[in-house]
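Right, one structure below, let's go through it.
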Number of protein chains: 2
Amino acid sequence: MNTIKEIAALAKVSPATVSNVLNNRNDQVSSETREKILEIIRETNFKPNRIAKSLRVNRTHTIGVIAEDITVFNTPSIINGINAFSEQNNYRIILNDLGLNEKMGHNFSEITRFKKTIDGSLAALLSFQVDGIIYVGLHPRDVTGVLPLVDKPVLYVGCYAENQISVNYDDKSAFYKATKTLIDLGHDRIALIAGPSDSLAAESRLAGYKAALENQDMLYRDEFVVTGDWGFESGHKLGKLLVDSDKLPTAILAMNDLMAIGAVNAIQASGLKVPDDISVIGFDNREFCQYTKPSLTTVQLPLYEMGYMAASTLIALVDNEDINRGIELPCDLIARDSAGLHHDYKYN
Amino acid sequence: MNTIKEIAALAKVSPATVSNVLNNRNDQVSSETREKILEIIRETNFKPNRIAKSLRVNRTHTIGVIAEDITVFNTPSIINGINAFSEQNNYRIILNDLGLNEKMGHNFSEITRFKKTIDGSLAALLSFQVDGIIYVGLHPRDVTGVLPLVDKPVLYVGCYAENQISVNYDDKSAFYKATKTLIDLGHDRIALIAGPSDSLAAESRLAGYKAALENQDMLYRDEFVVTGDWGFESGHKLGKLLVDSDKLPTAILAMNDLMAIGAVNAIQASGLKVPDDISVIGFDNREFCQYTKPSLTTVQLPLYEMGYMAASTLIALVDNEDINRGIELPCDLIARDSAGLHHDYKYN
DNA sequence: CTGAAAGCGCTTACAG
DNA sequence: CTGAAAGCGCTTACAG
């Protein structure tokens, strides 16, 4: 039994009536015929064809998700959040994975080389009549121009674009929190391993760091801020540099876990201990943070929440409801073993 | 310009002719009218409605993917592979994430509690008229019964079910390879930290271990095989146990990276060195393997390939082509720093 | 409360 | 080579 027509024949009613009970238009059909039809639907295990319905009502209840790279750590949790909202609201996700990380790494300018692929993915999604599109960035940054303008709602998560709606986490307050945590632990020489300054995320995090220092009347010192490239190796190199300098920091804050763990290794290689001699705090709460020695205190990203918020905002947009165009969600600090109280050491 | 009808009107031909050029039925239309129509399509940036086409031809070019948990490490790469095949063959993925890991952890019997949700996900996918379904397991094991029987092609990746088609990696040959690698490095006391024996995967890996020993005329010794629960802590505990025993192993093979890295930590805590005193090899090639000290030699899973193979097999099935019902793909060993030549040490 | 009819945007024999 | 017509499985005013 495959169609409404067949169910209607069995129940000796019209297809319209079957459609009415399927769509819970209870005022349109007597409870008698309603029960009869429901019974037949149960017996025959009939599942209405949503494709046909979609064509008719011009709405597919489908969200197109374009992920820059699903194998990058932040993306699965974001999609998990999108999925949760979708499930609760009877939407489906049509997923397209661009696989950009392997193709271009951190060389984001390369993205123009994939413009044609991306356009193709988008066009395919649109031809499937998705109700809206969520673009999931593999790293917080400006992606203006990667997507052509379309007449369906589009929203960016984990990245942003000029004049576009986006959902992200709040870099500044997260870094404020991390810095404040170190200050509260008694640290007075807090070095920062920053990300490249062309990253707006790095800039916001730096601002959070400065704000926390300032708020505690501590001096911001240029020599305590070094810049890496987000990689493990660069964290290692910069960690060594900080440890070898004449002004040894009491704590190091890194803008991601990879650089943090690189720094931890450098500190340990120099014979110092984490956190006894130097505390370290990372950022991202990558899975490996719990398996390092010591386990890494870090900042947890609200990825699931971002995905959930993205989906709910997109659907609100589809339904022409009012929305907030620039959403920033707060991060939590995860206290583990790499950051502790500052107790004075051999240096002054 | 949104429909074939409108394009037809502009080109002063019938919708049938537009449809013919859209579907490359070149013998059906003169190159003149063909060019004219193509030109108009370009100008108007017309994208045919695939929902309408799907309804008409009773084929959506859509693969339903049910992932037990997209946040578990193996799943994104598998989906990446499914996506790659789909992209090349003009299919789309409708993704449903069950989020089971958080809900049930390793307590797989709990899965029956989610039967209703899973049935719902499947029903929704079917009502969207997917051409076939791929079920992505979060851990290799028997999932017979989680999915009800349906009349669309279904395939299992990263898990298996009775009488069902599945794509997995070859546990036995992978473990044979890992064991053989240690033997070739001169190790003669190779301990094994196994997974629970109710896991078929653990059984196959054990068989590979035994086969490699046997092949080199080495004795299999029960006291060298200990059983963990896949977790970091259990690896730590068992690593300590092995290190504290009177018959110190020269190498430890673990059935996953988490237990391997737990063992490494235990070895180091006891004052021994990896790999100088004891070599360690893991399994899975989790991302953190490159960031541990020493970096972990391990077995790489062919996840992308499994996903690609799953998608291509599923579509072959949809097209009624012959397929292989039980596919096992080989794994590669990734040599890093945790396994080295065995040079005799203080023990005999 | 119920049904006949039109139509969503395509495709596909078929006739010419 | 081209077009008229029917139909995929639904929904929705509308008439009764």
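Note that this is a predicted model, so its numbers are computed, not measured. We name chains A, B, ... by the order of the sequence lines, and we start the count at 1 in each one. Any value given below was found using the heavy atoms of this structure, including those in side chains, with hydrogens, waters and symmetry copies removed.
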Result for 5'-nearest mapping on DNA chain D, choosing between A/Leu22 and B/Ala16, is B/Ala16
Anything under 4.0 Å to a heavy atom of chain A counts; send over the first and last such nucleotide of DNA chain D, read 5' to 3'.
D/dG9 to D/dT12
Return yes if some donor-acceptor pair links the side-chain N/O of [X] with the main-chain N/O of [Y] below 3.5 Å, else return no.
X: A/Ser19; Y: A/Pro15; result: no
X: B/Asn80; Y: B/Pro76; result: no
X: B/Arg325; Y: B/Asn163; result: yes

Residue list, salt bridge (Lys or Arg N to Asp or Glu O under 4.0 Å) with B/Lys103, at least two apart or on another chain
none
Taking salt bridge (Lys or Arg N to Asp or Glu O under 4.0 Å) as the definition, give me every residue that meets it alongside B/Asp322, ordered by chain and number, with sequence neighbours left out.
none
A/Tyr91: what forms a ring pair (Phe, Tyr, Trp, His ring centres under 6.0 Å) with it, not counting sequence neighbours?
A/His61
With a 4.0 Å cut-off on N to O distance, would you call A/Asp131 and A/Lys152 a salt bridge?
no
Using a strict cut-off of less than 4.0 Å between a Lys/Arg side-chain nitrogen and an Asp/Glu carboxylate oxygen, indicate whether A/Arg141 and A/Glu68 qualify as a salt bridge.
yes
Using a heavy-atom cut-off of 4.0 Å across all strands, would you classify B/Arg59 as base, sugar-phosphate, or nothing?
nothing
Looking at every strand, decide which applies to B/Asn58 at a 4.0 Å heavy-atom threshold: base, sugar-phosphate, or nothing.
nothing
For the residue pair A/Phe128 and A/Thr60, what are the closest heavy atoms and their distance?
O-CG2, 3.9 Å
What would the secondary structure line of DNA chain D be in dot-bracket form, counting Watson-Crick and G-U wobble pairs under 3.5 Å, with [ ] for pairs that cross earlier ones and | for pairs with another strand?
|||.||||||||.|||
Residues in residues 29-36 of chain B with a heavy atom under 4.0 Å of DNA chain C, by number, are none
Give a yes-or-no answer on whether the side chains of B/Asn96 and B/Ser121 include a donor-acceptor pair shorter than 3.5 Å.
yes
